[in-house]
Every structure is written in structure tokens, then in C-alpha cells.
2 protein chains.
Amino acid sequence: MTIKDVCEKFGITADTLRYYEKVGAIPKVARSSGGIREYDDEALNWVQNAVCLRKAGVSVEAIAEYVRLFNMGDETLKARLDLLSNEREELGKQLAELTEAVELLDWKISRYRKAVETGVLTWDKEEGE
Amino acid sequence: MTIKDVCEKFGITADTLRYYEKVGAIPKVARSSGGIREYDDEALNWVQNAVCLRKAGVSVEAIAEYVRLFNMGDETLKARLDLLSNEREELGKQLAELTEAVELLDWKISRYRKAVETGVLTWDKEEGE
DNA sequence: TATTGACTTGGAGCTAACTCCATGTAGTAC
DNA sequence: GTACTACATGGAGTTAGCTCCAAGTCAATA
């Protein structure tokens, strides 16, 4: 697979993909004789991993650290587990904050829907709701 | 309430709070005769709003736009509803991506726990799991 | 063989959201 | 009155994560 295919598959730019490789968020990608990147299934998995974690807000640095440990072999199993556990914990917090914001917005939106109907915006809880 | 109190209450810095005010993510805060910020309950609500939304990843610009519309009065009810609905939709997407990443991490973590026990890291689904 | 287009590289540039700093002032403690 | 502290301001600096650019290479096509 070429870099263009991978970009389309994951909805990111070629620059981003090269950037991830440069900073180690994905391992070095194999090149053709002409120096062109060739992504195989394993490479795609690494891209998938990076993209998924980035979308959730995990830092490029943390992802790169995981890749680095991975490349060091079995001695780093425990270190990788710790890293993943820490990131998981962060995502748990993030999930809670996101949920809180969603609740805030949903409540405001319900008020605004009523306000657009009635012309009056009120923040008081009403009877029967 | 002084700026310091508000910082402690919400776990942010005074610089951040002044920054939010400067860019309009919260309305102008009243000052004492000496020019010191005095946060009343309404001001606190605005801070709460900004902090909550920021933690969920809503941009300072979007928050400021909401404040701007709010200050323009009832003509902007519909515009505010639209803005909030858009942000709500974004948060919904973010929630889905976050959930996906959490699932990825949880699965990896389960593999790594096993690997740390057995010394062997495997990505295959096992029988009876 | 000349042109075209997709790729390569290193490095500069950009944006959002803070974060820090220099300088100044109001209010209190001695 | 002087020192100290907590605040004020405008503006510069920082960081993460891209994003863009110039210059060059390679393969395929006219």
C-alpha cells in the first residue's frame, strides 16, 4: 500500500503520516527500491493504533514511547503494561469530563429549544420535567 | 470572590482565568474600586461553563462566540441553540472515538497482563474468553 | 528523451491555548 | 513612610501537533 492509500483509509494527510513516522509514533516503514514507503498489514496496524489513540487525545509522545518499548523486546512487557494502564486511566478521566460536558450541553439545549418556542429563556427547573 | 479563590475552586491558574476573560470566553468580570476582579455567583457560573467545556475539548473560540451571542440578547436565541447543538454533536463524535480507544487499550492491557504472567505476548483470541 | 506526477527529504511556518514576564499599583503590617 | 503581598496590564514566549515548502528523485507516459 502506498502512502496515499493509507491516508485515504484513515482520513489523515501524508504529512501527518510521515510526521508520525519521523517522531516514532509508528515504526519505520519499509521502502521500495526507489525509496517509496510500502505499508504492509503490520504497518497498517501501527497506523491504526496511532490514529485511534490520537483521536482520543493520547499524546504523540506517549504513543512513540510505546513503540520504542515495543522495539526493545520482551524485557519491556511490564513497562508497556504500565504505560497502557496510565493512558487508560487518563482516558477514563477524559470520558468523565466529556460526559459532564455533554450533560451540561444537553440541559442547555433543552432550555434553548423551549426558549425558541416560547421566546423566553429560563434556567429554572419546571414542574413535570 | 478573588481571582485566587476562583483558581483554587476550579483548579486552574490566574493567568488562564485572565486569558479567558481577555478573549471573551467569560464575560468581563466586575472590578473593585482598586481595579481588582470580584467574581460573583453569575461570574462563577460563567467560569464553570468555560472550564467544563474546555475540559471536553470545546475551543475557546466557540465558547467566546456563545458569550458574545448571549450578550447580544434575545435575538440570538436561535443562533445560540445552533451553536450548542453543533458543539454537542462534536462531543458525541469525540465520545465515540474515546470509547473506541478505551476498548483498544482495555484489550491490549488484558493481553499484557497475561503476557507479564506467562512471559509470552500473544494477540490471538484464546479459547474460553 | 522530455515531461508529468507522485513520491522523497529536511526544515521552516502555523495555530491554539496557554504561560511567563516586566512593570506598575492598591491595600495592609509594621 | 516603608516593606510586603497580591493583584493589575500588555505583550512576548512556549508547546504540541501538525502543515507547508523547496529541492530533488523515480517511474511511467507522450
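Note on naming: letters A, B, ... go to the chains in the order of the sequence lines (proteins, then strands), and numbering restarts at 1 for each one. Just so you know, these numbers use all the heavy atoms, side chains as well, and skip hydrogens, waters and symmetry mates.
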Side-chain ion pair, Arg37(B) and Glu21(B), N-O less than 4.0 Å =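 A salt bridge is present here (some side-chain N lies under 4.0 Å from a carboxylate O).
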ask   = Does Tyr20(B) have any ring-ring contact (aromatic ring centres under 6.0 Å, His included) partners at least two apart in sequence or in another chain, and if so, which?
value =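 Once residues adjacent in sequence are excluded, Tyr20(B) has no partner under the ring-ring contact (aromatic ring centres under 6.0 Å, His included) criterion.
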Minimum-distance nucleotide to [X] side chain [options: [options]]:
| X | options | answer |
| --- | --- | --- |
| Glu61(A) | dC7(D), dA16(D), dC18(D) | dA16(D) |
| Tyr19(B) | dA8(D), dC18(D), dC18(C) | dC18(C) |
| Thr2(B) | dC18(D), dC7(D), dG11(C) | dC7(D) |
| Arg37(B) | dA8(D), dA17(C), dC18(D) | dA8(D) |
| Arg54(A) | dG11(C), dA17(C), dG17(D) | dG17(D) |

* To do: Test for a donor-acceptor pair under 3.5 Å between the base of dC18(C) and the side chain of Asp15(B), counting only N and O atoms.
  => no
What is the distance, to the nearest angstrom, from the [atom1] atom on [X] to the [atom2] atom on [N]?
| X | N | atom1 | atom2 | result |
| --- | --- | --- | --- | --- |
| Ile3(B) | dA6(D) | CD1 | C1' | 11 Å |
| Ile63(A) | dC18(D) | CD1 | C1' | 13 Å |
| Ile26(B) | dC18(C) | CD1 | C1' | 14 Å |
| Met1(B) | dA6(D) | CE | P | 17 Å |
| Glu38(B) | dC7(D) | CD | P | 11 Å |
| Glu8(A) | dA6(C) | CD | P | 11 Å |
| Ile12(A) | dC18(D) | CD1 | P | 9 Å |
| Ile36(A) | dA27(D) | CD1 | P | 8 Å |

### Task
Would you mind classifying the nucleic acid contact of Arg18(B) as base, sugar-phosphate or nothing, using non-hydrogen atoms under 4.0 angstrom?
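Contact class for Arg18(B): base.
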Original post:
When all nucleic acid strands are considered with a 4.0 Å heavy-atom cut-off, which category describes Ser32(B): base, sugar-phosphate, or nothing?
Top reply: nothing
### Message
Nearest heavy atom decides the nucleotide; on that basis, is Glu21(A) or Gly34(B) closer to the 5' end of DNA chain C?
### Response
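It is Glu21(A) whose nearest nucleotide is closer to the 5' end.
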Over 60° means perpendicular and under 30° means parallel, so tell me whether Trp123(A) and Trp107(A) are parallel, tilted or perpendicular.
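Trp123(A) and Trp107(A): tilted rings.
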Tell me, do Val29(A) and Glu38(A) make a side-chain contact under 4.5 Å, heavy atoms counted?
no
Looking at Thr16(A), I'd like to know whether one of its side-chain N or O atoms comes within less than 4.0 Å of OP1 or OP2 on dT19(D). yes
Taking only N and O in the side chain of Arg31(B), is any of them less than 4.0 Å away from OP1 or OP2 of dA8(D)? no
side-chain contact (heavy atoms from CB on, under 4.5 Å), paired with Tyr66(A), selected from Glu87(A), Arg80(A), Glu61(A):
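Between Tyr66(A) and the candidates, side-chain contact (heavy atoms from CB on, under 4.5 Å) is satisfied uniquely by Arg80(A).
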